[in-house]
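Every number for a ligand or one of its atoms is a count from 1 in the order of the listing.
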Amino acid sequence: MSDGCKDTRAQTDSFIRFVRDVYRTDEFIPLHEPRFQGREKEYLLDAIDSTFVSSVGQYVDRFEADCAKYTGAKYAVATVNGTAALHVALLLAGVKRDEEVITQALTFVATCNAIHYCGAEPVFVDVDKATLGLSPLALAGYLDEFAEVRDGAAWNKQTGKRIGACLPMHTFGHPADMDGIMQVCEKFQIPVVEDAAEALGSTLNGRHCGTFGRLGVLSFNGNKIMTTGGGGMILTDDETLAKQAKHLTTTAKQPHPWQFVHDQVGFNYRLPNLNAALGVAQLECLPLFLEKKRRLAERYADWGKQNKVLIMAEPEAACSNYWLNVVLLDGLSERDAFLTATNGQSVMTRPVWEPMHRLPMYRHCQKDALANTEWAADRVVNIPSSVL
Ligand SMILES: *Cc1c(COP(=O)(O)O)cnc(C)c1O
């Protein structure tokens, strides 16, 4: 916590009292739980009655159209989960075996796993403190040192490998500096895929996260701002890519009234109609969720000001969905004391993900100094953020 001479124990106690007051309960308070207060049951029963519960059905088409309209993307293709969406989006961006994909070490493991599923390797570049998303400055620094543009693509001069894509992530729903990232990637001719899994409802200068790059990805996992149980979405403005996305995620079956022909190795990644029915109802509630989350974030900010504790605010020019609120502690020991005290009193809090470059399967990957990543890893803690 920010100021040298104050009682962190008293701050933590005040925090626990505050959260209990906000959620009006003496029971366990989770980090994030879903809310079903709209037409979820009605649409689910309708999907069951229609017998179309699987990967074909009206709710899938409707959910895709609704998501495209909401985000402003020309096309939206629904998938079984966000990780599958990331996998296919990277393939469609042109990522191939033995290539490299630049991303951040401060992310959920699915970002890196999707890169690995393509047979490619992640390269870790630092984040900005203000966004906790990929830093355009760090990206430019890395590419200026290690990359050269040849034959319309970027190549790593040290490894000789092609840099197939750049995959920034919008951390906890706070938009990364996409203008800066796009500028650097255009200069080096690197396609951008956005991991907007956490950022449904977040915009930067009025533009929805996931619509800046060639492709973007959303997740509707149970812990996200809205849920389909499990689910994801690929966003793009490119008609050809959208068609390929649908083809690849539906086992690459050629459309035909009765013939059963597949023309490449595809994936069974299509979102079932049952899940899409839930999604249509949840998306109807999203504006209300966003409003309530913004109000909760304001209350946390007020508490932070009164108690001299840093609470993360949305970056400049951004409108964040405030999916998970963040408290910034003074350092590792203060962080751990806070985690122990809050969780010990059944108020769930969680440190940021162990950064990817420290995990056994990604330890060997190339990286820059990652100073801000290490800084964030010692200080960032997520606090209860369910819609009230
Ligand atoms: C949730 C999440 C994903 C993956 O989504 P699933 O639907 O759980 O597969 C990917 N990246 C990030 C940053 C996420 O938070």
Going by atom type alone, with no hydrogens or angles, which donor-acceptor pairs under 3.5 Å involve a side-chain atom of residues 206-215 and a protein atom two or more places apart or on another chain?
| unit_1 | atom_1 | unit_2 | atom_2 | d |
| --- | --- | --- | --- | --- |
| R207 | NH2 | T211 | O | 2.8 |
| H208 | NE2 | G201 | N | 2.8 |
| T211 | OG1 | H208 | O | 2.6 |

Note down each nitrogen or oxygen pair, ligand 1 side and protein side, whose separation is under 3.5 Å; give only atom names and the distance to 0.1 Å.
| unit_1 | atom_1 | unit_2 | atom_2 | d |
| --- | --- | --- | --- | --- |
| ligand 1 | 5 (O) | S219 | OG | 3.2 |
| ligand 1 | 7 (O) | G82 | N | 2.7 |
| ligand 1 | 7 (O) | S219 | OG | 2.8 |
| ligand 1 | 9 (O) | G82 | N | 3.3 |
| ligand 1 | 9 (O) | T83 | N | 2.9 |
| ligand 1 | 9 (O) | T83 | OG1 | 2.5 |
| ligand 1 | 11 (N) | D195 | OD1 | 3.3 |
| ligand 1 | 11 (N) | D195 | OD2 | 2.8 |
| ligand 1 | 15 (O) | E198 | OE2 | 2.5 |
| ligand 1 | 15 (O) | K224 | NZ | 3.2 |

Show me the donor-acceptor pairs within less than 3.5 Å that the side chains of residues 78-95 make with the rest of the protein, sequence neighbours left out.
| unit_1 | atom_1 | unit_2 | atom_2 | d |
| --- | --- | --- | --- | --- |
| T79 | OG1 | N81 | O | 2.9 |
| T79 | OG1 | G232 | O | 3.3 |
| N81 | OD1 | T83 | N | 3.1 |
| N81 | OD1 | A84 | N | 2.7 |
| H87 | ND1 | Y269 | OH | 3.0 |

What side-chain donor-acceptor pairs closer than 3.5 Å can you find for residues 112-122, not counting sequence neighbours?
| unit_1 | atom_1 | unit_2 | atom_2 | d |
| --- | --- | --- | --- | --- |
| N113 | OD1 | Y362 | OH | 2.6 |
| E121 | OE1 | H364 | NE2 | 3.2 |
| E121 | OE2 | H364 | NE2 | 3.3 |

Do you reckon L167 sits in the same ILVMFWY cluster as L200, going by side-chain contacts under 4.5 Å, direct or chained?
no

Between S202 and W323: side-chain donor-acceptor atoms closer than 3.5 Å:
no

Is Y322 reachable from Y23 through a run of I, L, V, M, F, W or Y residues, each pair having side-chain heavy atoms under 4.5 Å apart?
no

